[in-house]
Amino acid sequence: MSEVECAICCDDVPVTNFMSTTTKCNHKVCRTCLNKHIDYQLNGKGNVEINDCKVLMEYEDMKRITSEDLFKRYDHLCLRQAIRKLEDFRWCSDACGSGQEHFEQDNAPIMVCAACGKMTCYKHSIPWHEGRTCAEYDIEIEAPEGATLHAIERETKPCPK
């Protein structure tokens, strides 16, 4: 079986392990280097819009090129990216990994997670600010210490112990 040197890793690789990165590109890279590049983009950067040769790799390209595990990760990240574009969608503030659309929006700002039952504020995307309306909470977070509290509520969760 004939081998060719990969321009990326400089290893001699069987010709059958070279592939085009997209159907719109004639450049060939060894499968190992291509999977490492895609893995870095997905898991290192969280990027699902992967360009190669200034051409966006399409869903079918990813399915053809990547390992099964890497494709599952790509597919999962694509789904999450599509969900984020839904105007009424919010993630659970408890980080249970669930989320839902909340069509009542600010008219009924308490969103109860269908997966874990925790209450999230639709407007602020934090655990429900018990005992305060959204308007009261907005006034509270305008003060410097309130802005810090809001950042803590939005970006952290209580220690389980």
Side-chain angles (χ1 to χ4, degrees), residues 8 19-25 29 31-161:
I8 306 296
M19 51 191 353
S20 297
T21 53
T22 71
T23 55
K24 298 173 180 129
C25 170
V29 177
R31 181 181 293 266
T32 302
C33 288
L34 196 49
N35 271 279
K36 284 181 181 178
H37 170 67
I38 293 168
D39 182 41
Y40 174 71
Q41 292 295 317
L42 291 177
N43 296 317
K45 292 184 166 184
N47 186 11
V48 294
E49 293 180 356
I50 300 172
N51 294 309
D52 203 57
C53 299
K54 299 180 182 172
V55 176
L56 185 66
M57 293 182 75
E58 296 178 5
Y59 189 84
E60 290 303 318
D61 294 324
M62 297 296 280
K63 192 172 188 178
R64 175 179 56 85
I65 293 169
T66 59
S67 65
E68 185 178 341
D69 288 343
L70 197 53
F71 182 74
K72 284 180 182 176
R73 173 78 173 141
Y74 170 74
D75 198 38
H76 175 75
L77 289 173
C78 284
L79 174 65
R80 289 182 70 92
Q81 184 182 52
I83 287 172
R84 272 190 224 112
K85 292 178 183 177
L86 298 172
E87 184 180 334
D88 299 324
F89 186 87
R90 295 292 186 274
W91 294 108
C92 175
S93 63
D94 194 48
C96 71
S98 187
Q100 62 204 42
E101 284 188 286
H102 187 72
F103 297 110
E104 294 86 5
Q105 299 177 339
D106 292 338
N107 296 327
I110 299 175
M111 187 179 87
V112 179
C113 179
C116 71
K118 300 286 183 177
M119 294 189 301
T120 297
C121 175
Y122 173 84
K123 180 177 180 181
H124 299 107
S125 294
I126 61 168
W128 178 248
H129 34 81
E130 196 67 44
R132 296 165 287 175
T133 66
C134 287
E136 292 168 336
Y137 187 76
D138 285 338
I139 292 169
E140 190 176 295
I141 64 172
E142 285 180 18
E145 62 276 355
T148 301
L149 177 63
H150 178 65
I152 290 169
E153 287 177 331
R154 192 180 63 247
E155 303 296 332
T156 65
K157 65 180 184 177
C159 178
K161 304 225 179 199

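Values below: all heavy atoms of this structure, side chains included; hydrogens, waters and symmetry mates excluded.
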Over 60° means perpendicular and under 30° means parallel, so classify the ring planes of Y74 and Y59, tilted if in between. tilted
Greater than 12 external heavy atoms within 6.0 Å of K123's NZ
yes
Sorted by chain and number, sequence neighbours left out, side-chain contact (heavy atoms from CB on, under 4.5 Å) with P109 holds for W128, C134
Keeping D39 on the side-chain end and L70 on the backbone end, is there a donor-acceptor pair under 3.5 Å? no
Distance col, row L34:CG vs I65:CD1, nearest 0.5 angstrom, shows 4.5 Å
Value for CG (N43) from CG (L77), rounded to nearest 0.5 Å, stands at 7.5 Å
Distance col, row L86:CG vs H102:NE2, nearest 0.5 angstrom, shows 14.5 Å
Exercise. Under 3.5 Å, side chain of D75 to main-chain N/O of K72, donor-acceptor pair present?
Worked result: no
Quick one: does any side-chain atom of S93 pair with a main-chain N or O of T120 as donor and acceptor, under 3.5 Å? no
| field | Cation-pi check, R132 onto Y137 ring (under 6.0 Å, within 45° of axis) | value | no
Closest heavy-atom pair, C78 versus V48, reported as atoms and distance to 0.1 Å, is N-CG1, 3.9 Å
Requested in this report: Before accepting this row, confirm whether a basic side-chain N of the pair E60/R64 lies closer than 4.0 Å to the acidic partner's carboxylate O.
Outcome: no
The reported gap from CZ in R73 to CD1 in I38 (rounded to nearest 0.5 angstrom) is 14.0 Å
For E87 and Y122 the tightest heavy-atom approach is O-OH, 3.6 Å
What one should report as the nearest heavy-atom pair of I126 and H129 is CD1-CD2, 4.1 Å
Scanning both residues in full, the closest heavy-atom pair of R84 with W91 reads CG-NE1, 4.1 Å
Between the CD atom in Q41 and the CE atom in M62, the distance rounded to the nearest 0.5 Å is 9.0 Å
Are the side chain of H124 and the backbone of D138 linked by a donor-acceptor contact shorter than 3.5 Å? no
Margin query: Quick one: does any side-chain atom of Q100 pair with a main-chain N or O of A114 as donor and acceptor, under 3.5 Å?
Written below: yes
Taken to the nearest 0.5 Å, the spacing of M111 CE from Q105 CD works out to 12.5 Å
